[in-house]
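Below, read A as the first sequence line, B as the second, and so on, with proteins coming before strands; counting in each chain starts at 1. Keep in mind that the numbers below use all heavy atoms, side chains included, and drop hydrogens, waters and symmetry copies. In this text, all values refer to a predicted model and were calculated from it rather than measured experimentally.
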Amino acid sequence: MTLLNQKQKHRVSFTLNGVPVEIEVAPRTLLTDALRHGLGATGTHVGCEHGVCGACTIQINGAPARACLTLAVQVEGCVVRTVEGLAPAPDQDGQYRLSILQAAFRRHHALQCGFCTAGILMSLDAFLRETPLPSVEAITEVIGGHLCRCTGYAPIIDAAMEAAAELRGDAKHV
Amino acid sequence: MDGSPATWVGQSIERVEDATLLSGRGRYIDDLGTRPGTLHAAILRSSHAHAAIEAIEVAAARALPGVAAVLTGTDLAAITTPLVASVRAPIEARAMATDRVRYVGEPVAVVVAADRYIAEDALDLIEVTYRPRLAVVDPEAALAPAAPVLHDGLGGNLASERAFTYGDPDAAFAQAPHRISITSRYPRNTGSPIETYGVIAEYDPHEDAFDVLANFQGPFSIHAVVARALAVPGNRLRLRMPPDSGGSFGVKQGVAPYVVLIAAAARLVGRPVKWIEDRLEHLAASVAATNRVTTLSAAVDRDGRVLALDWDQLEDCGAYLRAPEPATLYRMHGNMTGAYAIRHVKIRNRVVLTNKTPTGLVRGFGGPQVYYPLERLMQRIAVELGLDPIDIIRRNLIPAETFPYRTATGALYDSGDYAHALDIALRDGGYQALCEKRDHARAEGRLYGIGIAAVVEPSVSNMGYITTVLTAAERRKAGPKNGAQANATVSLDPLGAVTVQVASVPQGQGHRTVLAQVIADVFGLRPIDIRVITDLDTAKDAWSIASGNYSSRFAPAVAGAAKLAAEKLRARLARIAASQLNTLADDLVFAGGKITSRCNPGLVLPFNRIAATSHWAPGTMPDDVGQAIRETVFWTPPELTAPTEADEVNSSLCHGFILDFCGVEIDRITGKARIDKYVTMHDCGTILHPGMVDGQIRGGFAQGLGAAVFEELAYGDDGAFIAGSFADYLLPTATEVPRIDILHIATPSPFTPLGAKGVGEGNCMSTPVCLANAVADALGVAAIDLPLTPAKLAALARGDEAPPPAGIASTKAAKPGDRTLRGAGETTVAASPETLWAMLLDPDILAGLIPGSHGVRKLSDTRFQATVTLGIGPVKGKYRADVSLADLTPPREATLTGAITGGLGSGDGRGCVTLTPDGAGTAIAYTYEVAVGGKIASIGDRLLDGATKIIIGQFFAALARKAGGSKPTSSRFARLRAWLRIGR
Ligand code: FES
Ligand code: FES
């Protein structure tokens, strides 16, 4: 285990949405601050900084994690994914696209202010990859790890269920 | 054919906002760049509910590298003035306390530093000396003659009192066969948006002007308050709002004092300053809805017709009366009879101040506090007269043929068919089946109840309603206030594309999408052709004092103003096209991106070309058309007049109708209330976007549910704030929010350009009382207050507390208040009592022994002061301990009394230490008793007890080490410790 000097800045290297990045941080720098203010990835939001609201949820090596409870130095060598990495690349005409999950959110009005949304998308994205055939209860549990103050959650659950079906190939939306 | 619907308005199209937000490209305040050299602020807040500030020691904080300035209230007061209030009273409210704090969380000092981490480090180095005063948190207690007074100049804590009479209520009460009453205590809660406050400010000394970016939401009457506090004219306070906001629910109106604080700090340090509030600050000190004690009586005839109402409302606005308060108390003034035709009304309104966070506008403001007692009372009338609650409601509803209906207190209800809405709700919502279900459940011995609530949802506030707090004579002196100016600007660029700008400051509601729909319909374009800008700049954009995102004014007022502006522009474009096509303007149709002659469909011009004419070839335009580039419309409804001499006020322009009913089952053992079914019927006039309307209803329901069951900004009796984190202030999650059935009818408003009414707040008004009515029905209790926590319901279900008769207050719910910890211990040390005695009186040695100590000061031979950092469970904080020694019997015995205070709580304690020679060493025995309050008191018993034991144990272990090691003893505790290898 490396001991870090509290007074010094440390260089941290990791992969962010498929791109290698490097950043100098103090040992106590939160990952939220490093991502948002250090690397400009402001899509990850901060709602509470104490691990309850879930707005800051990202994926570290494929698993959802609260970025506000993670120190930047902890992701050295990790594969980090944030909301900015969810959508597929623009198509051949240069049209920007949304992922199946994102598009389902838009169809179902599953966001209003959008502040909680990035975290919920990251949790659901990880969950749906492992659970292609989720029950409504299981989806509700996953969303239950997040606070949304705008929507009342029902449209988020509907969007997630529909996205799950579409990811399985059961349904298609155009 | 472009596949466009007949009108875009009324379609649930995908929101133009969403792709950006879903892909992490939103631009919320903390996502926007700042100028190079911008400094970061952190705020030190009072840990006391009520105290004099005797000294603030800032030298150590100032000396920390990276700190640019540490500013106190006195520094700020030199360049700012108090925040003006709506009521003239000797209450001085400032952005930062000067000589006295009056609530936990009140700003006391601000550190401005190179980054936020350093600024927070410096907060720990500031030493504030407080002289605590008695605090009062209960609004009724605050009125007692002996109550601690918050503002000396006021003489007591009553900030405002007014009495009103409409019709002849005394006669009605005298004649009525029944008088039925209810008393309710509506608790404190808040909107708690997931994004907190943020302010970035700078000051130009040469122009004496502030430039501020803040996630403020209006009302812009507050712009004037902020400018005055900063001592500049309004045109030198440029206030900008970011493109996106992470929700508000009224709460971001309360960022205003922080605009003053941060802008003043920027002026004092000569650099731009940025501040992003954290969640703990937000919960403690942003904005709470008012808590209110209401006694409401009805004069009722034999059939359950309500003839008169008698309201006694005691509104608790917290420590200061901050503009626009007491808006929450007066917003509903025209609606005090709700959905009912009641002609005789008596009202007494009192505003009281207590040692709690100042209140502000929270979604529904005033509605939840009024409808809770009103609809509880309707339920009680049914119970007491043995009648069906639906019949009671139906019998009292305002008849459809009387609209527009003038209420007794002055509101002009625009439109509605309440009886029809009730019928449809009962039929389509399955009310009959629900009743059968309840009967069935009850037959099985289960606790099942049905609740109903009928609510009129006001929207588009009249700027004049708040002046009802003044007497008619005072209003005459102050000049009339009324109206609700809404505005929109539609402009055309040289390529003929359309841009719309409004001052509605959306907080996530999708205003940009709806405006694109409205304007697309006017011009015959598609919503994607329209660009809508909603980030506001008070220096450049059109706005008025009524602008902003409150009182659900967007759909009825702002969208309407946009329609009017576009229509004006369209009329001019029609003139231009008509002159080119040689036809009449009336003959032209705007559709499919073209302007076409109705009589001769061969005559066609592309919209873009005509729309660009005024840029490229103004000389070709018909003479009297003027420009067709940009049109700004200000619209204010004539119905919103100032209060009359008799205090009648049309407090809002539109009045939607809501009828909710629900079935709730209560678990006898756990007390948990399960919502089995919830139906909500809305008439909000013309619906502009059904998906968004239902989104408002679902979101409002979830907040109403939170207020009803989970949320309370709770305070200890000593004023300690005990709901300081999301682990204490519980927002409902997906697993707690049930699906609801939403129904609609539409009676368009005749007073708004689109026929729409507001819909954003209704369920915050109807849901809490609907659920409470169901719980009261299930448990058969008369008096019940929110929140309906399982503990409270379990106690009621068990019948521990006989329900008090109607009209008598329910006993107050037990709060996690102050607690006392007791303990004792002993240890043996290899040193003489004399040596130990000397060590215990030496501040330097003590500093090394006390766990987490930052230093001990000896104030006198018997008084010590220590600063310590303690972590107990999840709650880690810095505390100051003041300890006095008494009953000294050197070197044998001492009694210690002391107080410990910190941001997270406080304690008062007493301990006794005895030193007894034991061979070559000394046996130390101690006992202690500590009463803890504040946040740490809300930690679980075992954790707190255990932590206290460990901390005291650590102290004596350190003492033993320092004195030469502990001697093996026979005590069980020591053996256990040796076995666990603790302490060495
Ligand atoms: S910000 Fe990380 S959980 Fe709330
Ligand atoms: S969309 Fe606003 S908090 Fe979830």
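Shown here for B:F249 and A:C150, the closest heavy-atom pair between the two residues is CZ-SG, 3.7 Å. In plain terms, the two heavy atoms of A:R149 and B:G191 that are nearest each other are NE-O, 2.6 Å. Here the closest non-hydrogen pair linking B:S245 and A:C113 is O-CB, 3.3 Å. The shortest heavy-atom contact between A:L147 and B:T733 is CD2-CG2, 3.8 Å. When all heavy atoms are compared, the tightest approach of B:Y117 to A:L30 is OH-N, 2.9 Å. Taking each heavy atom of A:R36 and B:D31 in turn, the nearest pair found is NH2-OD1, 2.9 Å.
Close placement of the B:H689 and A:H109 rings is indicated, their centers lying within 6.0 Å of each other.
Separating the CZ atom in A:F105 from the CZ atom in B:R15 is a distance of 12.5 Å, to the nearest 0.5 Å. The distance from the OG1 atom of B:T735 to the CD1 atom of A:I157 is 9.0 Å, given to the nearest 0.5 Å. Between B:T20 atom OG1 and A:Y96 atom OH the span is 11.5 Å, to the nearest 0.5 Å. In this structure, OG1 on A:T42 lies 9.0 Å from CG on B:D30, to the nearest 0.5 angstrom. Rounded to the nearest 0.5 angstrom, B:S23 OG and A:L86 CG are separated by 9.0 Å.
The backbone N or O of A:G47 sits less than 3.5 Å from a side-chain atom of B:R279, completing a donor-acceptor pair. Judged purely by atom type and a 3.5 angstrom limit, B:E14 has no side-chain atom pairing as donor or acceptor with the backbone of A:R106. A distance-only check finds a donor-acceptor pair linking the side chain of A:Q112 to the backbone of B:G695 [under 3.5 Å].
For a heavy-atom cut-off of 4.5 Å, chain A lies close to B:G699, B:A702, B:Q703 in residues 699-707 of chain B.
Contact count against chain B (heavy-atom pairs under 4.5 Å) is highest for A:H50 among A:H50, A:H146, A:H108. Most heavy-atom pairs under 4.5 Å with chain A, from the set B:G691, B:G33, B:S192: that is B:S192. In terms of non-hydrogen atom pairs under 4.5 Å with chain B, the most contact-rich of A:L111, A:V83, A:I143, A:T117 is A:L111. Of the listed residues (B:M692, B:E711, B:E736), the greatest number of heavy-atom pairs within a distance under 4.5 Å of chain A belongs to B:E711. The residue among B:P738, B:G24, B:A734 with the most heavy atom pairs within less than 4.5 Å of chain A is B:A734. Put simply, of A:I139, A:L98, A:I156, the one with the most heavy-atom pairs under 4.5 Å next to chain B is A:L98. Looking only at heavy-atom pairs under 4.5 Å with chain B, the residue among A:G43, A:A103, A:G40, A:C48 that has the most is A:C48. Comparing B:L21, B:I194, B:D115 by how many heavy-atom pairs each has under 4.5 Å with chain A, the most go to B:I194.
Looking at A:R28, the atoms closer than 4.5 Å to chain B (heavy atoms on both sides) sit in the backbone and in the side chain alike. When heavy atoms are compared at a cutoff of 4.5 Å, A:T29 approaches chain B by way of both its backbone and its side chain. Heavy atoms of A:A55 lying under 4.5 Å from chain B belong exclusively to its side chain. With a 4.5 Å cut-off on non-hydrogen atoms, B:E195 touches chain A through its backbone and its side chain both. For chain A, no part of B:S248 is nearby; none of its heavy atoms comes within less than 4.5 Å. With a 4.5 angstrom heavy-atom cutoff, B:I13 touches chain A only via backbone atoms. A:V142 does not touch chain B: none of its heavy atoms, backbone or side chain, sits under 4.5 Å away. In this structure, chain B has a heavy atom under 4.5 Å from the side chain of A:Y153, while its backbone stays farther away.
Using the six-membered ring where Trp is involved, B:Y28 and A:H45 have ring planes that are perpendicular, over 60° apart on the 30 and 60° scheme.
In summary, B:D18 and A:R107 do not engage in a salt bridge, as defined by a charged side-chain N under 4.0 Å from a carboxylate O. Remark: B:R116 does not engage A:D33 in a salt bridge, criterion side-chain N to carboxylate O under 4.0 Å.
Judged as a salt bridge (Lys or Arg N to Asp or Glu O under 4.0 Å), the pairs with a partner in residues 111-134 of chain A (not counting sequence neighbours) are, in order, A:R81-A:D125, A:D125-A:R129.
Counting heavy atoms from C-beta on, the side chains of B:F726 and A:C53 come closer than 4.5 Å.
Around atom CZ of B:R739, more than 12 heavy atoms belonging to other residues, nucleotides or ligands sit under 6.0 Å away.
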